Every structure is written in structure tokens, then in C-alpha cells.
Amino acid sequence: MGAIRSAEGGPLRRTARGVGRVLRAPFAGAARGVRRATHAHGAGESGLGKLIELHAVNSAGDMLITVALASTVFFSVPTDQARGRVALYLAVTMAPFTLLAPVIGPLLDRIPHGRRAAMAGAMLTRALLALTMSGAVATGGLELYPAALGVLVASKAYGVVRSAVVPRLLPPRIALVKANSRVTLGGLLATGVAAPLGAGLHQLGPAYPLYGACAVFAFGTYLSLSLPHKVDSAKGEARARLTADGPPRQPVRRRRSAAKRPRPGLRTVGSSVLHGLQANGALRMLSGFLTFFLAFLLRVHPLGGLSPAFSLGVVAVAAGAGNALGTAIGALLRSRGPEKMIALVLTAALGTTIVAAVLYSAFFVVVVAAVAGISQALGKQSLDALIQRDVPEEVRTSAFARSETLLQMCWVVGGAIGILLPLNGVVGMSVAAAFLALGAATAVRGLLTAARRGSPHPRVA
């Protein structure tokens, strides 16, 4: 009898194993391909590959939460109600975040020995908040908004720490601007995968994208703790300060007493980085502005002949493709002229919005979204190159953290302007052109002057 069972069970087991191998093969092959891409050129040995994978997980989780909130706050109600809900969202989440954002960088700057724990904490916080939000997302109750604020703060805290971590994981053969490009591109690809996945989960119920986000962030918690131990090293670091005048000061040593330490700021970076930060602030404002303004505008006035949802999709794809293209261009270009590149992309964004305001049409709406994506990606990478080149190594990590916090605040301000404006395309593009012109007036001349003068510091490899 046992021989009969063995004879019958053997082929069945072999068939089942064969089917299992066939089903696993595409996923295993894709996983191996992703691992080869993220660990290429020494990124695997330095730990940068693990950070790229962690950032992809972070971006996927944020997108799943965005899908859940958009379906509740925006798509599930008429435009007038949606505008009220988004205004409430801004008031309850973005306004407190504007107050909290300046604190995030300095607070995280005080725990350089706990960066892995800080990133893991940001992941775990969002996992728990996603689970909390799943109970309120169907009704859109007020309890949803404090949880959304917590998710936003945790997400930006992760972004600040991640910017500070990248220089610690640079392989010898990859420059910082290219490393940041690879990290950003990994996040964009993960976002592209997570968006349709979140839409599919939403068909099962409004809470399911949040269940998925909870699982993704739980996995991100594990990945954060698996980063190399050198991420937590603060050897040779000091706090950075920013000022527009005067040569870089010597970094403040940590051995100084608390009474003698200068107040936190960003003052050791010189005028090139400051002008680059001003220009990037204008570009980040444009990104936040377009996110909210076009979301409402296209619901009321969709692109010619298209539905509101499809119009939003077209603009979102244009912005995402532009961001990916800008990231890819930044990875291919050398970082020798970051001042000129920042001035160029800011001028291009300004010119595009002016043309869109004068010749407003569906075509120019898509073009503005694409140019904004390209400009933001190239501008941020060029700013990273300036920080790498001009900021002394002792304060470079701190400069990355604080500059990222300031840029996040600019995005919030741009989003607030977008939600408050009347839904008129010409007016919107004119306002966008106005604050880009202000950014160009304050930054472009200084950037070009700095480019002619050359780097004030020896280039750091």
C-alpha cells in the first residue's frame, strides 16, 4: 500500500514542484534583475544598493496612501465639496507641517548616531498610521486628517534622513549627483508600479490600499535596520549653517560647550548653494502649485474631449515622465556646471509658464507639467552637486538635511497657493510665472556670476 502511495504521490509532487518553479521564475528573474541594477558599479558593496531598494519601498508606500486619500478626499465627491475637503486637508495637515518642517532637520541633526533607527521609526509610524486611517477612510471623518499629518511628517522626516545618508554610502566609482539620480529613479519606478496596484486595491474597498501601505512600510522598517552600520557614523561631522555673505566659516567642533555653540542654521556653504537653493525653492513651489491647481482645474475644465479622470492621468504621466527624463539626463551629464544648469532649467520653466499663460490650451498644460518635472529633477540634482562641491565634508551631511527641509516647505507654500486660486487656467499660469520670475530675479544672476568666478573650494571627489 505504501508503495502505491509513493508511486502515485511522486509524480504529483514533481508536477507541483515544476508548476511552482514556472510560476516563481518570472518573479525571481525580475528580483535578480532589480538586484543587479541597484547593486551595480560598487553600490552593492557600499550599501547604496540597499538604500535604493529602501527608497523604492518608501515611494511605493507613499503612493498607496496617496491613492487612498485621493479617492476619499478628492474623487468621491463633487468638485465644490472636494475643494472644501482639500482645503480642510491643507489646513489640518499642511499648515501644521509648515510649522513642524523647520524643526525636523535640526532635530534629526542631533541624532546622527541613530539614522537607521530614525528611518525605521518613520517607516513604522506610517505603517501604524495607515492601519489607523483604514477605519476612517471610507467615511472621510475628521480623524483621518491628524493621521494624514502624521504620515506627512514621517514621510518628510524619512526624506531628510535619506538625503543625509546618501553621502555616507557613496561607492568610489559613483559621484553624489549620480547616486542621488539612481535613488530618485528607483523611487519613480516604484511609484509607477504602486499607482495601478493601489487603484486595483481600491476596487476591493477604500481601506485596501492602506492595508497594502501598512505591509509595505512594515517591510521598509526591516530594510531600514538592515542598512550598513556606517550610516550611523558621525565621524568628522559638524552642523552646517547657510548665509549669503562672506567666505565659509570653519565648522564648529562638537566638543564645544553648549553655551558656545552658534544657533542652528546653514552658514558654511557660500553663495552658490544659497542661490541654487533659492532657484530650487521656486521650482518646488511650482511642483506643489501644479499638483493642487491642476487637480481641481481639470475636474471642471478637462483637456479637450477627454474625461476629467483621463485628463488628470495625462498630466500626471507627463509630469512623471518629465521627472524620470530629468533624472536620467542628470545621471548621464557631468556635474561641472551646476550653476548654469540650475539657471537654465529655472529660465526654461519660467518661459514655458509665460507662453502657457499667453497661449493657454490643453497642449501647453501638458507641456508645463512635463517641463516642471524635468526642471525639478535637474535642478535638485544640480543643487546636490553644488553641495558636494562647495560644502566642506564636515558639514555636508547637515547641509543636505536642512536644504531638503526648506524645499519641502516651499512645496507646501506652492500647494496652498494652488488651492486658493480661482479655477482659471490663464490666471493659474500667470501666478506660476510670477513666483518663478521672483525666483529667477533673486537667483539667476548670482548663479551665473558664481559660475564665471568658479568654485571657491577644491572639488571633492
Side-chain angles (χ1 to χ4, degrees), residues 51-52 55 58-59 62 101 105 155-156 158-167 170 174-189 191 242 266 269 272-291 319-350 369-391 396-397 399-414 436 439-440 443-444 447:
L51 182 63
I52 295 173
H55 187 63
N58 173 82
S59 300
D62 278 345
S155 178
K156 301 316 176 187
Y158 161 83
V160 169
V161 179
R162 192 259 305 169
S163 295
V165 164
V166 173
L170 277 183
I174 300 180
L176 183 60
V177 64
K178 291 189 176 182
N180 277 291
S181 298
R182 290 176 65 172
V183 173
T184 303
L185 189 58
L188 289 173
L189 293 175
T191 297
L242 273 179
L266 288 169
V269 298
S272 291
V273 175
L274 279 167
H275 291 308
L277 190 57
Q278 290 168 345
N280 273 269
L283 292 172
R284 193 65 66 94
M285 281 184 66
L286 177 65
S287 173
F289 173 81
L290 293 178
T291 298
N323 204 314
L325 178 61
T327 300
I329 293 173
L332 295 174
L333 293 177
R334 296 184 177 183
S335 56
R336 288 186 174 175
E339 295 99 340
K340 293 180 180 179
M341 178 59 69
I342 295 174
L344 174 64
V345 296
L346 179 58
T347 304
L350 173 59
V371 171
I374 296 173
S375 299
Q376 182 178 320
L378 282 173
K380 180 60 168 68
Q381 291 171 40
S382 298
L383 176 63
D384 291 344
L386 281 176
I387 293 176
Q388 182 195 24
R389 187 194 71 187
D390 291 352
V391 178
R396 193 179 301 148
T397 299
F400 272 112
R402 295 174 186 274
S403 64
E404 182 64 25
T405 300
L406 292 175
L407 292 179
Q408 297 296 349
M409 290 179 63
C410 290
W411 189 92
V412 172
V413 173
L436 285 176
V444 169
L447 286 168

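Quick note: numbers below take in every heavy atom, side chains included, and nothing from hydrogens, waters or symmetry partners. Everything numeric in this text was worked out from a predicted model, so none of it was measured.
Taking every heavy atom of both residues into account, Leu383 and Gly276 meet most closely at CD1-C, 3.9 Å. Heavy atoms only, all atoms of each residue included: Leu350 and Ala440 are closest at CD2-CB, 4.2 Å. Contact record, Val345 with Ser375: O-OG, 3.4 Å, taken as the closest heavy-atom pair. The minimum heavy-atom distance between Gly379 and Ile342, with the atom names listed, is O-CG1, 4.0 Å. Considering all non-hydrogen atoms of both residues, Ala279 and Leu346 come closest at CB-CD2, 3.7 Å. Nearest approach of Ser403 to Ile387, heavy atoms of both residues: OG-CD1, 3.8 Å.
Not counting sequence neighbours, Thr191 has no partner by the side chain to side chain donor-acceptor pair (under 3.5 Å) test. Not counting sequence neighbours, the partners of Ile374 by the side chain to side chain contact (heavy atoms under 4.5 Å, CB included) test are Leu325, Leu378. Looking at residues two or more places apart in sequence or on another chain, you find no side chain to side chain donor-acceptor pair (under 3.5 Å) involving Asn280. The side chain to side chain contact (heavy atoms under 4.5 Å, CB included) search around Ala369 returns Val315, Ala318, Ala319, not counting sequence neighbours.
Residues Gln376 and Leu286 have side chains not in contact (no heavy-atom distance under 4.5 Å, counting atoms from C-beta outward). In this structure the side chain of His275 never reaches within 4.5 angstrom of the side chain of Glu339, judged on heavy atoms. With contacts defined as side-chain heavy-atom distances shorter than 4.5 Å, the pair Lys340/Leu344 does not qualify. Residues Trp411 and Thr291 meet the side-chain proximity criterion, which asks for heavy atoms closer than 4.5 Å. A 4.5 Å side-chain heavy-atom check between Leu436 and Leu283 finds at least one atom pair inside the cut-off.
In this structure, NZ on Lys380 lies 9.5 Å from CG on Leu277, to the nearest 0.5 angstrom. Note that CD of Gln278 and CG of Leu447 are 8.0 Å apart. Values are rounded to the nearest 0.5 Å.
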>> side-chain contact (heavy atoms from CB on, under 4.5 Å), that's the test. Do Val413 and Arg284 meet it? Break it down for me.
In response: CA-CA 9 Å; Val413 173; Arg284 193 65 66 94; over 6 Å; no

>> As a quick check of understanding, evaluate side-chain contact (heavy atoms from CB on, under 4.5 Å) for Met341 and Gln381, giving each step before the final call.
In response: CA-CA 10 Å; Met341 178 59 69; Gln381 291 171 40; over 6 Å; no

